[in-house]
Enquirer: 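Once you've had a glance at the structure underneath, I'll fire off some questions.
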Amino acid sequence: MTGSMLLDVSCMGRALELARKGLYSTHPNPRVGCVIVRDGQVLGEGWHARAGEPHAEVHALQQAGEQARGATAYVTLEPCSHHGRTAPCADALIQAGIARVVVAMQDPNPEVSGRGLLRLMQAGIAVQCGVLEQQARSLNAGFIKRMEQGLPFVRVKLAMSLDGRTAMASGESQWITGPAARGAVQRLRAQASVVLSGADTVLTDGARLTVRADELGLDAELTALALARPPLRVLVDGQLRVPLTAPFYQAGAALVATCAAASARERFLEQGHELLAVPASNGHVDLHKLLSELARRGANEVLVEAGPRLAGAFAKAGLVDEYQLFMAATFLGSSAKPLLDWPLARMADAPALKIVDIRAIGDDWRITAVPQG
């Protein structure tokens, strides 16, 4: 690898580091970072904090000022070329006199993909695309999936014992894992567009599914951004079994996906909640249709925190992109509830998973696994 290639990789790595600062706040926009460099010296840096505010390129250009002329801009996502809530970043780079733009990946939106790069090239700017592309795609997996497939990225979080059980036969499950694992779950909630659960979990655990500042473990700036954009809390309650007096509803506005009659809509609206009628599939809320509707509303990532029935339903439907498994050093016994309600008759039916990460977190273990194929 040549010196110039090493510099490109190093600078893009820094741009990705900046982009990660938007992990908890950019929804429904992608997380983007930008670094402006000339002769190996960083002149300006920026990252996109939240929708409606200046993009990463604008922040970096403001910091670089007149020194940006003739410099190289490293951006983790193709600069936008269209007018939205902010002006096109491609135009801002051109007007600043940037000589070269290095991009990690093209915009996944098929309606605009490549147009920003084309505009830069037409202005005489040297353009290179694909530096640390896989890392950039991983950072914005939800935004990419929504743009390309019309569905959000679905992450299922499960807490289990060493014998693969999630709760006692009575439903008691608090707390299987320790404080460090619970903090990690809070960060998963904070980065999601939607936190979703089912009636069983809400009724049994009194779950609220809120983001709790004292457990996030983030610095003050990121905590403030995360709390300013809390995830939408979604309850899958096909028959409206959860009463409006439940802690879940008392914790703030929520969206309820149901197959029940729409006649209850006004009653929920009076309490500040939205009732969403979703077609039934085998007597239950059609999860694919629900996810499509959430994507239409701008949801990039959905975190499922549910019991074995609903988590199993997502798995059986092939709707899970990633499993976050938190494993505690304990046994719950053979009468306790399984990880997923997913009866399998043969080994050939067992879904293959790939473990992409496993690490200790406090006294527990965190396993990240993705479906194969």
Enquirer: For the backbone of Ala136 and the side chain of Thr76, can you confirm whether one donor and one acceptor N or O come within less than 3.5 Å of each other?
Expert: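 Looks like no, no N/O pair under 3.5 Å.
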
Enquirer: Are Arg241 and Asp200 close enough for a salt bridge, meaning some N to O gap below 4.0 Å?
Expert: yes

Enquirer: Report yes if the side chains of Pro28 and Arg146 come closer than 4.5 Å at any heavy-atom pair, otherwise no.
Expert: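 They are in contact (side-chain heavy atoms under 4.5 Å apart), so the answer is yes.
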
Enquirer: If you count the non-hydrogen atoms of other residues, nucleotides and ligands that lie under 6.0 Å from CG in Asp219, is the total more than 12?
Expert: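 More than 12 within 6.0 Å, yes.
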
Enquirer: Salt bridge between Arg31 and Glu301, side-chain N to carboxylate O under 4.0 Å?
Expert: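 Looking at Glu301 together with Arg31, the answer is yes, because their closest N to O distance falls below 4.0 Å.
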
Enquirer: Check this for me: does any side-chain nitrogen of one of Glu148 and Arg137 sit under 4.0 Å from a carboxylate oxygen of the other?
Expert: yes

Enquirer: Roughly how far, to the nearest 0.5 Å, is the CZ atom of Arg165 from the CE atom of Met160?
Expert: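 One finds 12.0 Å between CE of Met160 and CZ of Arg165.
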
Enquirer: Test your reading of the model: is there a side-chain donor-acceptor pair from Arg189 to the backbone of Thr210, 3.5 Å cut-off?
Expert: yes

Enquirer: Within a radius of less than 6.0 Å around CZ of Arg100, do more than 12 heavy atoms belonging to other residues, nucleotides or ligands occur?
Expert: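 Yes - once you tally the heavy atoms of other residues, nucleotides and ligands closer than 6.0 Å, there are more than 12.
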
Enquirer: Any carboxylate oxygen within less than 4.0 angstrom of a Lys/Arg side-chain nitrogen, looking at Arg296 and Glu293?
Expert: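 Looking at Arg296 and Glu293, the cut-off is met.
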
Enquirer: Run the side chain to side chain contact (heavy atoms under 4.5 Å, CB included) test against His273 and tell me which residues pass, sequence neighbours left out.
Expert: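 If we apply the side chain to side chain contact (heavy atoms under 4.5 Å, CB included) test to His273, skipping adjacent residues, the hits are Leu244, Tyr249, Ala254, Phe268, Gln271.
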
Enquirer: Between Glu274 and Arg297, does any NZ, NE, NH1 or NH2 come within less than 4.0 Å of an OD or OE carboxylate oxygen?
Expert: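 Salt bridge between Arg297 and Glu274, a charged N being under 4.0 Å from a carboxylate O: yes.
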
Enquirer: With rounding to the nearest 0.5 angstrom, report the CD1 to CG distance, Ile36 to Leu61.
Expert: 4.0 Å

Enquirer: Donor-acceptor pair, Thr330 side chain versus Ser161 backbone, under 3.5 Å?
Expert: no

Enquirer: Give a yes or no on whether a salt bridge exists between Glu17 and Arg14, defined as a side-chain N under 4.0 angstrom from a carboxylate O.
Expert: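 Result for this pair is yes, salt bridge flagged.
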
Enquirer: Should Leu18 and Lys21 count as side-chain neighbours, where that means a heavy-atom distance under 4.5 Å?
Expert: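 Yes, their side chains come closer than 4.5 Å.
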
Enquirer: Rounded to the nearest 0.5 Å, what separates atom CD in Gln149 from atom CG in Asp321?
Expert: 7.5 Å

